[in-house]
Amino acid sequence: MKFQKKLFFAIGGFALITACASNQSKDLYQAIDKGNKATASAILNGNADLIADTYTDDGYVLSPDTPTIQGKSDVKQFWTDVINSGIEDVKIETGEVYSSGDLAYAVGTLAVTPKNGKEGFSRYVLVFKKVAGDWKLHIDIWTPSA
């Protein structure tokens, strides 16, 4: 009987820990999804400052067919150039989100429609780092989808 009681509490404790981790993951998912939607809106509204503020000070943009972009000022310039190129629509879909300690990552898809152009689709991976209690984008990489 004692063994069954210990097993019950162990399973109950594991279920509680799992539920807390699940809620934390759900909160993180919602935060990242909200950030993705805010980024899409900032692109359409021409706000490169807002986008750059979501990155760590030494954050990276690893965009197809461009040199590595690193650091907040270069990230801001990159997004300014993207905005100035003429974007008609941006859709960012958050797929899955995972975290461990002060790092988190998200995978998903995005669709970008340039002005006078054809909609292009990509897959992305975002790596976040917790800085002073806030999740900041540290590595932003995407690749065109077939």
Please report the interatomic distance CG(Leu126) to CZ(Phe128), rounded to the nearest 0.5 Å.
4.5 Å

Could Asp49 and Lys76 be called an ion pair, given the rule that one side-chain N must be under 4.0 Å from one carboxylate O?
yes

Taking Val131 as the starting point, is it possible to reach Leu137 by hopping between hydrophobic residues whose side chains are less than 4.5 Å apart?
no

Separation between CG of Leu62 and CD1 of Ile139, rounded to the nearest 0.5 Å:
7.0 Å

Assess whether side chain to side chain contact (heavy atoms under 4.5 Å, CB included) is satisfied between Leu103 and Lys129, documenting all intermediate values.
CA-CA 5 Å; Leu103 293 176; Lys129 186 190 261 187; 4.2 Å; yes

For the side chain of Gln70 and the backbone of Asp58, is there at least one donor-acceptor N/O pair under 3.5 Å apart?
yes

Closest non-hydrogen contact found for Ala48 with Ile83 is N-CD1, 3.7 Å

Nearest heavy-atom approach of Ser145 to Ser122 is OG-C, 3.5 Å

If you measure from OH on Tyr55 to CD1 on Ile69, what distance do you get to the nearest 0.5 Å?
10.0 Å

Minimum heavy-atom distance Ala104-Leu28, with the two atoms named
CB-CD2, 3.7 Å

Is there a path of hydrophobic side-chain contacts, each under 4.5 Å between heavy atoms of I, L, V, M, F, W or Y residues, that connects Leu44 with Leu50?
no

Report yes or no: do Thr113 and Asp89 form a side-chain donor-acceptor pair below 3.5 Å?
no

Correct closest heavy-atom pair for Gly101 and Trp135 would be O-CH2, 3.7 Å

Measure up the Trp142 and Phe78 rings against each other and bin them: parallel (under 30°), tilted (30 to 60°), perpendicular (over 60°).
tilted

Output, in order, the C-alpha distance, side-chain angles, deciding distance and verdict of side chain to side chain contact (heavy atoms under 4.5 Å, CB included) for Tyr60 and Val127.
CA-CA 10 Å; Tyr60 290 87; Val127 177; over 6 Å; no

Does Asn84 use its side chain to pair, donor to acceptor, with the backbone of Thr80 at less than 3.5 Å?
yes

What do you reckon, is NZ of Lys34 surrounded by more than 12 foreign heavy atoms closer than 6.0 Å?
no

Once you round to the nearest 0.5 Å, how far does CG of Asp102 lie from NE2 of His138?
12.0 Å

Under 3.5 Å donor-acceptor, Ser41 side chain and Lys37 backbone
no

Show your reasoning for whether side chain to side chain contact (heavy atoms under 4.5 Å, CB included) applies to Leu110 and Val90.
CA-CA 7 Å; Leu110 64 118; Val90 178; 5.6 Å; no

I need the minimum non-hydrogen distance between Asp53 and Lys136, along with the two atoms involved.
O-NZ, 2.7 Å

If I compare all heavy atoms of Gly59 with all of Val75, which pair ends up nearest, and what's the gap?
O-CG2, 4.0 Å

What's the spacing between Ile92 CD1 and Asp33 CG if we round to 0.5 Å?
9.5 Å

To the nearest 0.5 Å, how far apart are OH in Tyr124 and OG1 in Thr94?
4.0 Å

